[in-house]
Amino acid sequence: MDFPKTVTIKEVGPRDGLQNEKQFIQTEDKIEWINLLSETGLSYIEITSFVNPKWIPQLVDAIEVSKSIIRKKDITYAALVPNERGLQRALEVNIDEVSVFMSASETHNRKNINKSISETFPVLKLVINEAIASGKKVRGYVSTVFGCPYEGKVSTDAVLSVSEQLFSLGIYELSLGDTIGVANPKQVEDVLTEVLKRFPSEKIAMHFHNTSGTALANVLVALNLGITNFDSALGGLGGCPYAPGASGNLATDDLHYMLNSMGIDTGIKRKQLIQAALFIEEKLGNPLSSYTMRKERREN
Ligand code: HMG
Ligand code: MG
């Protein structure tokens with residue numbers, strides 16, 4: 001296999017992780033956690049989402065969190081934005097980067113953002129144009145790439161079609177989401193082979209959830225195909241509340257362990273990463289599911 005020398009890990013825990021937690025993490029704890037994450041060597045943190053708080057009450061404090069964290073110059077602080085109202089709120093706090101999102105399957109798209117796929121593009125077009133005009137980079141997510149909780153199998157053509165349209169609207173990078181964590185390494189190879197015929201590997205990121213325990217195996221296949229951007233959430237937090245069965249993201253600490261021990265540089269400092277995980281574990285009051293944190297609990 002052929003592996004890169006460096007990989008960028010994009011931490012989505014404060015957004016994808018906390019959006020799926022039953023309890024509300026206090027605003028000051030979110031702020032402190034993000035500040036701890038900023039000390040780990042991560043270069044990218046998705047800190048919240050500017051969605052309708054009636055849909056995601058866990059992140060109702062997006063404005064306060066974004067305004068109050070201590071921002072480091074060399075870190076990109078990003079947030080999810082579904083529409084113009086969300087963009088206004090994100091611009092109000094001068095978020096560094098905006099992420100738009102939609103699904104490759106109709107039913108999940110409708111359940112998640114209350115629109116059909118074709119109704120979503122004009123909304124995202126406005127968001128992307130306005131964000132770029134305001135000097136922001138825009139990242140895109142496609143969800144349900146490897147399977148939909150409502151429709152089951154999702155065709156690669158559907159994924160390619162949504163991806164092409166998002167790139168044509170101006171996103172600089174596309175993150176392919178295994179929303180419910182059903183992907184297997186062979187499927188990742190098949191889908192990525194088609195995706196990489198159309199888009200360069202530098203513009204593609206992978207966003208695995210670890211519901212079935214296949215996330216790290218999937219990372220290995222993606223690495224071998226030249227992907228160097230991966231999303232993950234510290235401790236294995238995460239999931240989409242509008243995707244039944246979706247569980248935690250690939251854990252940043254486990255991903256870091258694997259990459260680091262393979263000699264692949266991520267710039268992340270392990271000790272600080274574990275400190276940040278211990279902090280949020282205590283605030284949640286539940287053990288984090290990552291292998292790293294299980295080991296940590298056994299040893300300490
Ligand atoms: P809607 O209810 O159809 O919105 O929601 P609407 O445009 O009809 O507006 C209804 C009300 O909401 C209005 O208020 C709006 O102002 C307000 P009212 O006039 O009734 O007082 N509103 C907002 N308020 C604050 N911020 C906003 C906003 N937008 C409308 N941005 C909408 C449509 C898209 C907003 C809603 O469906 C929504 O917020 N969905 C987000 C769901 C979500 O966050 N899901 C999880 C993230 S995606 C994910 O996890 C997958 C990912 O990780 C990748 C993967 O794993 O695959 C990214
Ligand atoms: Mg996700």
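Remember, it's 1-based here, ligands and their atoms both numbered in the order they're listed. When reading the values below, keep in mind they use all heavy atoms of this one structure, side chains included, and skip hydrogens, waters and symmetry mates.
For N109 and T120, the side-chain atoms include at least one donor-acceptor pair closer than 3.5 Å. The closest side-chain donor-acceptor pair between S232 and N249, if any, does not fall under 3.5 angstrom. In the model, R270 has a side-chain atom that pairs as donor or acceptor with a side-chain atom of T292 under 3.5 Å. No side-chain donor from either of K72 and N35 sits under 3.5 Å from a side-chain acceptor of the other.
Polar contact with ligand 1: present for S143 (N/O pair, distance under 3.5 Å). Below 3.5 Å of separation, one finds no N or O of G239 facing any N or O of ligand 1. Residue-to-ligand polar distances place N112 within reach of ligand 1: an N/O pair is separated by less than 3.5 Å. Residue Y242 has no N or O atom closer than 3.5 Å to an N or O atom of ligand 1. Considering backbone and side-chain N/O atoms, K54 never comes within less than 3.5 Å of an N/O atom of ligand 1. Taking distance alone, with nitrogen or oxygen atoms compared against 3.5 Å, Y141 stays at or beyond that limit from ligand 1. No N or O atom of D178 sits closer than 3.5 Å to an N or O atom of ligand 1. At least one N/O-N/O distance between D16 and ligand 1 falls below 3.5 Å.
Between P149 and T144, the closest side-chain pair of non-hydrogen atoms falls below 4.5 Å. The closest side-chain heavy-atom distance from V195 to L174 is not below 4.5 Å. Contact check for V123 versus E119: no side-chain heavy atoms found under the 4.5 Å cut-off. S163 has its side chain out of reach of R198: every pair of non-hydrogen atoms, C-beta onward, lies at least 4.5 Å apart. Between D253 and L234, some side-chain heavy-atom pair lies under the 4.5 Å cut-off.
Contact annotation for N249 and ligand 1: no heavy atom of the residue comes within less than 4.0 Å of the ligand. Under 4.0 Å from ligand 1, the heavy atoms of I56 that appear belong solely to its side chain. By the criterion of a heavy-atom distance under 4.0 Å, neither the backbone nor the side chain of H108 is placed next to ligand 1. At a heavy-atom cutoff of 4.0 Å, ligand 1 is contacted by the side chain of P53 but not by its backbone.
Cation-pi check for R110 over Y150 is not met; the charged atom does not lie both under 6.0 angstrom from the ring centroid and within 45 degrees of its normal. Geometric assessment of R15 against the ring of Y141 yields a positive cation-pi assignment under the 6.0 Å and 45° thresholds.
Not one N/O/S atom of C240, from backbone or side chain, sits under 2.8 Å from the Mg ion (ligand 2). Here D231 fails the criterion, with no N, O or S atom under 2.8 Å of the Mg ion (ligand 2).
By the definition of a contact as any protein heavy atom under 4.0 Å away, atom 53 (O) of ligand 1 is in contact. For atom 7 (O) of ligand 1, no protein non-hydrogen atom is found at a distance below 4.0 Å. Distance check on atom 37 (O) of ligand 1: some protein heavy atom falls below the 4.0 Å cut-off.
With hydrophobic clusters built from ILVMFWY side chains whose heavy atoms lie under 4.5 angstrom apart, Y291 does not share a cluster with L278.
Using a 4.0 Å cut-off to heavy atoms of G177, the atoms of ligand 1 that qualify are 57 (O). Less than 4.0 angstrom separates some heavy atom of L80 from each of these atoms of ligand 1: 47 (C). Shown in contact with F101 at under 4.0 Å from a heavy atom are these atoms of ligand 1, numbered in order with element: 48 (S). Applying the 4.0 Å criterion to heavy atoms of F50 picks out, from ligand 1, the atoms 26 (N), 27 (C), 31 (N). Those atoms of ligand 1 that come under 4.0 Å of a heavy atom in T179, given as number and element, are 55 (C), 56 (O), 57 (O). Listed by number with element, the atoms of ligand 1 under 4.0 angstrom from any heavy atom of H209 are 56 (O).
Of the listed residues (V123, N83, V60, V51), the one carrying the non-hydrogen atom nearest atom 35 (C) of ligand 1 is N83. The closest non-hydrogen atom to atom 33 (C) of ligand 1, taken over V12, I63, I113, N52, comes from I113.
H209 contributes a side-chain N or O that, together with a main-chain N or O of S247, makes up a donor-acceptor pair within less than 3.5 Å. Within the 3.5 Å criterion, the main-chain N or O of V221 finds no donor-acceptor partner in the side chain of E189.
Annotation: atom 3 (O) of ligand 1 to nearest protein heavy atom, N114 ND2, 2.7 Å.
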